[in-house]
Amino acid sequence: MNEDLKFILESTEENMHNAIKHLEKQLLNIRAGKASPGMLGSVMVDYYGSMTPLAQVANINTPDARTLTIQPYEKSMIPNIEKGIMYANLGFNPMNNGESVIISVPPLTEERRKELAKQAKAEAEDAKIGIRNDRKVANNDIKKLEISEDETKIAEENIQTLTDTYIKKVDAIFEFKEKEIMTI
């Protein structure tokens, strides 16, 4: 196989794999009823004038399925952490006991579960779009190579097989997340 062709196939597969990893990371932010430190992954806190991820200024723990505790490295950060959580608009109401911030994760209503499932579906669709764009770029790169029509056709079929495989992975990941969200 042509070296350029091999490179195109490998880089396309890597890009598609990265789309899957990105999808998994995005789906971690969508809660499925039980508390998880990943739910606060998007929270940014004002740390002495610069916006910093919450995980860099505090320990986040889940003592039970419905509670998150945030233990700041500095007690003076408690008000900033509360503001950051409220500003992130995650639907949580943080409370503090002077030592740490406590978030009680409310059970999801059926309506909210449906909204979260739609959000997860949108993330899955974005991943599929990314994978299809990777296919398009690869096919364009293949057409630019000076190879025979047979080699071009075989390479495009390989790219399509890769695309189909990764689209199925996206569907499987989404179905798992949707089941997790809709389970009470």
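Between the side chain of Arg113 and the main chain of Ile181, a donor-acceptor pair closer than 3.5 Å is present.
Residues satisfying the side-chain hydrogen bond (donor to acceptor under 3.5 Å, both in side chains) criterion with Thr67, sequence neighbours excluded, are Asp64. Residues passing the side-chain contact (heavy atoms from CB on, under 4.5 Å) test with Glu178 are Ala117, Phe174, Met182, sequence neighbours excluded. With sequence neighbours left out, the salt bridge (charged side-chain N to carboxylate O under 4.0 Å, His left out) criterion links Glu115 to Arg112. In this structure Ser42 satisfies the side-chain contact (heavy atoms from CB on, under 4.5 Å) test together with Leu90, sequence neighbours excluded. For Ile154, the side-chain contact (heavy atoms from CB on, under 4.5 Å) partners two or more places apart in sequence, or in a different chain, are Asn158. For Glu111, the salt bridge (charged side-chain N to carboxylate O under 4.0 Å, His left out) test picks out no residue, with sequence neighbours left out. Under the side-chain contact (heavy atoms from CB on, under 4.5 Å) criterion, Asp164 pairs with Gln160, not counting sequence neighbours.
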Identify every side-chain donor-acceptor pair in residues 51-59 under 3.5 Å, counting partners at least two apart or on other chains, and give the distances.
unit_1: Thr52; atom_1: OG1; unit_2: Ser50; atom_2: O; d: 3.2
unit_1: Asn59; atom_1: OD1; unit_2: Tyr73; atom_2: OH; d: 3.2

Trace of the side chain to side chain contact (heavy atoms under 4.5 Å, CB included) decision for Met39 with Phe92: CA-CA 10 Å; Met39 298 162 84; Phe92 297 137; 3.4 Å; yes

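The only option from Ile103, Asn61, Ile102, Val101 that meets the side chain to side chain contact (heavy atoms under 4.5 Å, CB included) definition with Leu68 turns out to be Ile103.
For residues 127-145, the pairs satisfying salt bridge (charged side-chain N to carboxylate O under 4.0 Å, His left out) are Glu125-Lys128, Lys128-Asp171, with sequence neighbours left out. For residues 70-93, the pairs satisfying salt bridge (charged side-chain N to carboxylate O under 4.0 Å, His left out) are Lys75-Glu99, with sequence neighbours left out.
Taking the charged nitrogens against the carboxylate oxygens, Lys179 and Glu175 have no contact shorter than 4.0 Å, which rules out a salt bridge. Of the charged side-chain nitrogens involved, none lies within less than 4.0 Å of a carboxylate oxygen, so that Glu3 and Lys6 do not count as a salt-bridged pair.
The hydrophobic cluster containing Phe7, built from Ile/Leu/Val/Met/Phe/Trp/Tyr side-chain heavy atoms closer than 4.5 Å, comprises no other residue.
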